[in-house]
Every structure is written in structure tokens, then in C-alpha cells.
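When a ligand or atom number is given, it counts from 1 through the structure's own listing order.
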Amino acid sequence: MPLNHLIRDGDNPDITEERQKATFSTEELAIEIYGEPLAQRRREISAEVLKRPELLDDCPHVFLDRTTKVENSMKKTVAVMEKGSEICDFTSREELGHLVCEVFGDDGFPLSIHFVMFLPAIQGQADDEQAEQWIPRAMRLEFIGTYAQTELGHGTNLRALETTATYDKRTQEFILHTPTVSAYKWWPGNLGKTANYVIANAQLYIDGKSHGPHNFLVQIRDENTHQPMPGITVGDIGPKFGLNTNDNGFLRFDHVRIPRRNMLMRHSKVSADGVYSPPVHPKLSYGAMIFVRATMIRMLAHVVLKAATIAIRYSCVRRQGEIKTGNGEVKILEYQTQQHRLFTALARGFAYRLVGDEVKNLYEKIAEEVKHGNVEQLADLHALLSGMKSIVSYDSGKAIEQCRMACGGHGYSHASGIPEMYAVEIAGCTYEGENMVMLQQQARYLVKGIHRLAHGEELSTMLQYLANTSNNKFRIGESGVDLENALILALEYIARSTIERVTARLDSLQNKGLSAENAWNENAVELTRASRTHTRLWIARCFRDRVHRIENHAIRSALTDILELFLTYEVVDMSQYLYQGGYANSDQVAQVKDAMYKLLEKIRPNAVSYVDAYEVSDTELRSVLGRRDGNVYDNLLKWAKSNPLNRTEVLPAVEKHLMPMMLAAKSKL
Ligand SMILES: CC/C=C\C/C=C\C/C=C\C/C=C\CC/C=C/C(=O)SCCNC(=O)CCNC(=O)[C@H](O)C(C)(C)COP(=O)(O)OP(=O)(O)OC[C@H]1O[C@@H](n2cnc3c(N)ncnc32)[C@H](O)[C@@H]1OP(=O)(O)O
Ligand SMILES: Cc1cc2nc3c(=O)[nH]c(=O)nc-3n(C[C@H](O)[C@H](O)[C@H](O)COP(=O)(O)OP(=O)(O)OC[C@H]3O[C@@H](n4cnc5c(N)ncnc54)[C@H](O)[C@@H]3O)c2cc1C
């Protein structure tokens with residue numbers, strides 16, 4: 001039995017040859033990633049989808065205009081909801097998530113914000129009575145909701161949101177109002193044309209006093225006619241860089257009245273006579289954002305691994321140039337530069353995917369505590385997620401872009417599938433908190449850590465390395481210190497020294513009389529760097545621990561190669577920090593580079609098997625270059641021929657405009 005389970009007759013022999021070289025079982029690696037029985041269930045779901053034309057696209061969706069894209073996705077939503085339970089277990093987030101990926105791809109799903117924000121906001125912030133009233137209806141899709149927080153004028157600075165919710169004691173209602181143009185809600189996903197309810201974030205006013213932003217359930221469209229409710233103006237904000245199947249929307253409230261009990265009241269409350277009870281933690285109304293920040297890590301990693309699948313498979317069927325003159329053209333994956341850009345993307349994809357599981361588990365544990373009023377670990381979680389969403393969104397974007405460029409000209413075509421993936425993924429740098437802002441949220445926590453240490457106070461587990469001041473010399477190559485340990489210690493040094501340095505600068509500027517705010521802004525770039533180095537260390541440690549826990553020897557060994565490549569790449573990428581304080585010299589950094597180049601060679605024979613083991617079906621991949629069978633050229637030609645521009649030999653627009661011009665030019669001769 002071959003170790004790679006995707007070997008099939010009729011495939012491009014160049015890709016079959018790759019699969020025959022596998023040194024680990026791709027099925028076993030799939031089980032390590034997804035667990036059993038999910039690995040098997042994913043395959044069964046993919047196979048079922050292929051049998052149901054109503055779930056498949058009639059033509060590549062990149063050929064369609066926005067209106068048709070949106071219509072198709074709505075039509076498929078109904079098909080999924082009607083027949084989906086025959087295909088997958090709707091109560092399993094993982095199974096349903098896989099079905100959605102197969103059927104809708106990345107560009108937009110009409111229920112995405114309903115499931116990733118609207119429902120989680122209710123689950124986390126509604127009291128028991130409200131949850132009982134709203135959740136079953138929302139789960140049955142009697143209505144579709146979204147999360148309306150961002151406004152035209154403010155997305156980052158939530159304290160400055162302008163939408164108001166004023167309590168009217170007389171009628172026991174809140175009046176939702178949009179006082180200015182800049183107060184229009186702007187951006188919420190699926191708001192434009194799909195949703196009929198929103199969780200609206202608005203400044204709560206009682207008796208003229210502001211209590212800050214709170215969340216309210218507001219009906220914006222009639223449940224029977226879908227017409228906007230009285231006082232509501234709503235629509236789509238127009239085409240975007242990506243996610244064009246999603247109807248991100250705008251929304252205005254004109255003195256819209258809702259019952260008092262439509263304020264989400266698990267944490268903050270307003271009594272019938274207008275008495276406000278604050279939450280146990282002031283940021284509990286930000287809970288839905290915390291949920292998405294925790295969930296998005298795995299989803300972003302998924303996009304990187306899809307791009308890596310495409311580029312690695314394609315690089316094994318694409319031949320261009322010779323390494324040794326006269327020996328014939330080689331697969332482009334033989335070039336070291338190609339391996340470097342693709343295998344490091346692969347390593348980041350695996351690291352973020354597996355660390356994403358850990359983040360999700362940690363989130364679930366802390367969220368449960370918060371639900372019962374214990375907010376002790378909320379600051380740790382907020383800091384971690386602020387850093388994670390920033391690093392993973394940005395570095396994933398860079399990895400995907402490298403995958404695209406590694407496919408040469410064909411990577412620039414939508415036939416590769418990668419441009420759309422990039423456009424969707426890179427939005428993660430902006431949504432759920434713009435990265436520079438979120439990195440600074442985490443930096444506050446790190447600076448506090450250094451101050452706590454100086455005062456002899458206890459540090460959270462995440463920050464304990466800050467106390468390890470004896471780690472001041474790079475130990476690569478020393479006897480008794482293996483490569484992994486030396487690299488993790490180097491990353492600890494990088495993070496600790498960067499955080500210490502910027503904290504010292506902040507303290508010194510403040511000691512000289514500069515205000516805390518100005519000192520902060522003068523050091524903001526360095527603060528974001530400190531935050532990045534800390535998060536990259538956390539990811540590295542968490543990835544290492546995850547790989548060490550693997551019991552299957554062959555799989556642990558396969559993922560150890562990926563882990564070591566990840567660690568060497570991270571250290572080389574941040575090596576400038578190693579010279580600070582004389583931690584390392586250039587020979588030691590050269591040793592790390594050599595180790596990295598050797599790992600590229602070691603990974604090369606298994607490259608296709610790693611991505612095969614991640615098991616993204618052709619239906620989900622939507623890529624001519626990344627096809628499992630490697631038959632790229634015939635299918636590129638078919639793809640181009642199916643392009644609507646080629647439906648007629650002579651385009652009516654040519655007949656109408658260019659031909660008369662050319663004929664007139666000729667007649668002037
Ligand atoms: C999921 C999709 C993934 C993958 C891709 C695949 C497909 C994509 C398909 C579709 C896209 C899907 C989903 C996208 C949906 C997007 C939704 C949104 O974007 S919703 C809107 C999100 N908006 C934001 O994130 C706004 C960012 N701003 C903020 O969070 C706050 O304003 C900010 C934290 C910056 C400041 O808040 P402020 O109230 O002013 O607090 P301050 O800075 O003064 O801090 C005080 C104190 O509070 C602490 N704190 C802040 N936030 C939190 C929190 N959430 N929890 C706990 N604590 C918090 C802060 O650290 C500080 O503490 P200290 O005083 O320093 O101790
Ligand atoms: C695809 C997509 C989907 C979205 N979906 C939703 C949704 O479903 N619901 C919803 O409510 N919102 C949604 N949003 C909105 C999103 O959350 C905001 O765009 C995001 O939080 C950034 O806010 P902003 O647009 O106001 O950017 P701005 O804050 O205006 O950022 C512009 C620049 O200013 C900088 N900046 C701002 N403040 C600071 C600061 N304090 N310090 C340093 N620099 C600063 C930023 O770093 C950035 O460089 C979505 C956005 C996108 C792109």
C-alpha cells in the first residue's frame with residue numbers, strides 16, 4: 001500500500017511520482033490534524049457534495065457579476081439548509097464548517113456573520129430568558145442576524161461610536177438613533193441585503209447620562225416581506241477588494257423604538273425604572289469580537305494551507321529551465337528559492353492551524369469562566385488574541401502572496417484561485433481590530449508585565465520568560481542543547497530584550513516629564529515590534545509543545561521537520577534582534593541558515609504529501625493549478641474557453657466601437 005492515499009491512475013505522472021516518495025502515511029497525518037472520526041467524515045461530506053449539482057457552481061464564480069454571485073450563494077444556502085442534514089451533522093461545528101467551505105468557498109456565505117458573530121453575541125451576552133427566546137429561532141433560521149458595530153466615522157475607537165440608545169422610562173423602550181452621517185453603521189457582513197435582525201452596538205443613555213457602548217437586538221426588516229422596518233435605511237456598501245459575494249452593508253436608525261428587554265442583559269442591565277447595573281468587567285460587551293479573534297486563527301491558517309496546496313502541487317507539474325545544462329527542464333520545485341518561499345508558507349500554515357486549535361481550546365475554557373462571572377483571565381486572553389489575530393493575519397497574507405508569486409504568471413490569473421484567497425484572507429488584518437491597534441493593546445499588557453516584574457509581583461504563565469535574565473547567550477551548536485531548544489531560547493531572548501528596551505525608553509521619557517500618552521505614541525512602532533516578537537515566541541512554543549505530544553512516531557517525525565523549518569525561519573527573519581546586546585554573532589546566525597537550507601532538502605520529497613494530508617478537495621480549492629490530478633494545462637485551456645468573453649467570436653462591443661474606428665481610419669487613406 002502506498003503511504004500517500006491520493007495516488008490514482010490517469011493522474012499527471014509528475015505528481016504521481018511525488019506521491020510515491022512519501023515517507024509517512026498521509027491518512028495518518030490527516031488524522032493527527034483533524035482527529036478521528038472527523039478526518040473520515042470530511043471525506044464523506046466532500047464525496048456527497050459532488051453528487052448534488054444543486055450544491056455546486058455551474059461555472060467558475062469569478063466569471064460572475066456581484067448580483068449573480070449573491071443570488072447563487074442564497075440559492076445554495078437554501079439547498080444546504082434543506083438537504084444538508086442528510087450530508088453532515090448540523091450540530092457539529094466542524095462538519096458544518098467543512099460543508100460550508102465545500103459549497104461556498106471563501107468569498108462569502110449569507111449566514112457567515114449570523115453564525116460567527118450574531119449567535120455568539122447572544123450566547124455570550126443575553127441573559128437566560130433572552131437566550132431561550134432568541135436562540136432557538138435564530139438556530140432554526142426563522143430570521144438572519146448580523147453584528148452592527150462599526151460606523152462610517154469610527155471602527156477602532158469604540159468609545160466614540162455615535163449611535164445612541166436612549167432609554168424612555170415612560171414606555172420602557174430604547175430609542176435607537178443615528179444622529180449624523182458618520183454614525184451610519186458601515187461594514188457589517190450580510191447586512192446589505194440578507195439580514196433582518198442586527199445586534200446593534202450603541203451608546204446607552206439614561207436620563208441624559210452616557211454609560212458607554214452596549215448591545216441591542218434590533219429588527220431591521222419585516223419577517224414576511226423583508227422590507228425595511230419603519231425608521232430603517234439599509235443597503236449594500238458596494239464592491240470591495242475581496243469578499244464580493246458578501247453584502248457588507250450600511251444602516252441608519254431614525255428614532256427606532258425597541259422593547260427594554262432587547263438590550264442584551266447577561267452582564268449589564270437596565271431595570272424598568274431606568275436603573276443601570278454595570279457589568280463585572282467593563283469590556284464584556286466586546287465578547288463577540290473576542291470569539292471571532294479566537295476562531296479566525298484556524299480559518300486564516302486554512303487559507304494559507306490551501307494556497308500552499310495549490311502552489312506546491314503546481315510546482316511539481318510545472319517544468320521550467322535547467323539546473324544542470326543538458327539534463328533537461330526540471331520541476332520548478334527543485335529550485336531552492338521555490339522551496340524556501342513555499343515550504344516556509346507550508347510551515348506557517350501548519351503552525352497556525354495547530355496553534356489555532358490550542359487558542360480555540362483556551363478561549364472556550366476562559367469563556368466558560370467568564371460566563372460564570374470569573375473574569376480573572378480575561379486580560380490575558382484579550383492580550384493573547386490581540387497579538388495572535390495580528391501576526392497570523394499579516395504573516396499568512398505574506399505567505400499566500402508568496403504562493404501566488406511562486407506560480408509565476410498563472411498565479412496572477414483567477415484560475416489559480418490564489419488572488420481571491422489573498423483578498424479574503426488579508427481582510428483579517430483589518431476586521432476584528434486593525435492590526436496596529438491590536439498590537440498596541442497587547443503591548444500595554446507586556447509593558448505592565450515588565451513593571452510587575454520590577455515590583456516583584458507574580459507574572460502570568462505566558463510572561464514568565466521575562467524573568468529569565470540568565471538566557472543571554474545563543475547556545476546553538478553547544479553540546480547538550482538541541483536545535484529546537486536553542487531556537488526557542490533565542491526567540492525568548494528576542495521578545496524579552498525588545499519588550500525590556502521599549503519599556504525602558506517609555507519609563508525614561510516619562511521620568512523626563514513627557515506625558516504617558518506622548519511617550520507611548522513616540523514609541524508606538526517599537527511597541528508593535530515588541531508585541532510581534534512576543535506573539536511569535538508564543539506561537540513557536542505552542543507549536544513545539546503540540547508536535548511533542550504526537551504519539552505516532554512517523555507523524556511526529558514528519559511534523560518535526562516542519563516545526564524545525566518554522567523555528568529556523570522565524571529566527572532568521574528576526575535575526576537582527578539577536579545582535580542587540582551581543583546575544584549571537586553572525587557565524588551563529590549562519591548556522592541557523594544552514595540548518596534551514598538542509599530542512600528544505602529534507603522536506604522536498606514529502607512536499608506534495610504534506611499538502612495532500614491536509615485534504616482540501618478540488619471542489620473547495622476551486623483552482624485549476626492546484627488540481628489533485630495535476631492535469632493543469634488542458635484544464636487551463638478549458639477554463640479560459642469557458643470565459644463569457646469567449647462566447648462570441650466577435651464581441652458586440654468590438655463591432656460597435658473599434659471596428660467603425662478602424663474602418664474609418666482605413667477609409668481616410
Ligand atoms: C472569522 C473569519 C476568519 C477567516 C477568513 C475566512 C473567511 C472570511 C469570511 C468572512 C469574514 C468573517 C468575519 C469578519 C467579521 C468581522 C467583524 C468585525 O470586524 S466586528 C467589528 C470589530 N471591531 C473591532 O475589533 C474594534 C477594535 N477596537 C477595540 O476593540 C477597542 O476599541 C479597543 C480595544 C481598541 C479600545 O477599546 P477601549 O474601550 O477604548 O479600551 P482602552 O483602550 O481604553 O482599554 C481599556 C482596558 O480594556 C482592555 N480591553 C480592551 N478590549 C478588551 C477586551 N475585548 N477584553 C478585555 N479587555 C479589553 C484594554 O486592554 C485595557 O486594559 P488595561 O487598562 O490596559 O488593563
Ligand atoms: C471585510 C470586512 C468585514 C467587516 N465586518 C464587520 C462586521 O461584520 N461588523 C462590524 O461592525 N464591522 C465590520 N468590519 C469593520 C472593521 O471591524 C473595521 O474596519 C476595523 O475595526 C477597523 O476600523 P476602521 O475601519 O475604523 O479603521 P481606522 O481606525 O480608521 O484605521 C485607519 C488607520 O488608522 C490607524 N489607527 C486608528 N486608531 C489608531 C490608534 N488608536 N493608534 C494607532 N493607529 C490607529 C489604524 O492602524 C489604520 O492604519 C469589517 C471590515 C472589513 C474590512
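If you check which protein heavy atom lies closest to atom 25 (O) of ligand 2, you get Gly155 CA, 4.7 Å. The single protein non-hydrogen atom nearest to atom 20 (C) of ligand 2 is Thr430 O, 3.3 Å, given as residue, atom name and distance.
Under the 4.0 angstrom criterion, atom 52 (C) of ligand 2 counts as having a protein heavy-atom contact. For atom 11 (O) of ligand 2, the nearest protein heavy atom is under 4.0 Å away. Less than 4.0 angstrom separates atom 32 (C) of ligand 2 from none of the non-hydrogen atoms of the protein.
Using a 4.0 Å heavy-atom cutoff, Ser112 is absent from the residues neighbouring ligand 1.
Taking each heavy atom of Asp57 and Lys76 in turn, the nearest pair found is OD1-NZ, 2.6 Å. What you find for Phe118 and Ala138 is that their closest heavy atoms are CE2-CB, 4.3 Å.
Using the six-membered ring where Trp is involved, Phe104 and Phe109 have ring planes that are tilted, between 30° and 60° apart. Note on ring orientation: taking the six-membered ring where Trp is involved, the planes of Phe143 and Tyr197 are tilted (angle from 30° to 60°).
Neither the backbone nor the side chain of Asn201 comes within 4.0 Å of ligand 2, counting heavy atoms alone. At a heavy-atom distance under 4.0 Å, only side-chain atoms of Asn248, from C-beta outward, approach ligand 2.
Side-chain rings of Tyr276 and His214 approach one another, their centers coming within less than 6.0 Å.
Using a 3.5 Å distance cut-off with no hydrogens or angles, the side chains of Ser46 and His98 do pair a donor with an acceptor.
Within the listing of ligand 1, atoms 57 (C), 58 (N) sit less than 4.0 angstrom from a heavy atom of His281. Near Val292, the atoms of ligand 1 lying under 4.0 angstrom from a non-hydrogen atom of the residue are 1 (C). Contact atoms of ligand 1 toward Met117: 17 (C), 20 (S) (distance under 4.0 Å to a heavy atom of the residue).
Between the side chain of Thr150 and the backbone N or O of Gly155 there is no donor-acceptor pair closer than 3.5 Å. No donor-acceptor pair closer than 3.5 Å links the side chain of Arg353 to the backbone N or O of Ile297.
The shortest N or O to N or O distance between Tyr147 and ligand 2 is under 3.5 Å. Polar contact with ligand 2: present for Gln149 (N/O pair, distance under 3.5 Å).
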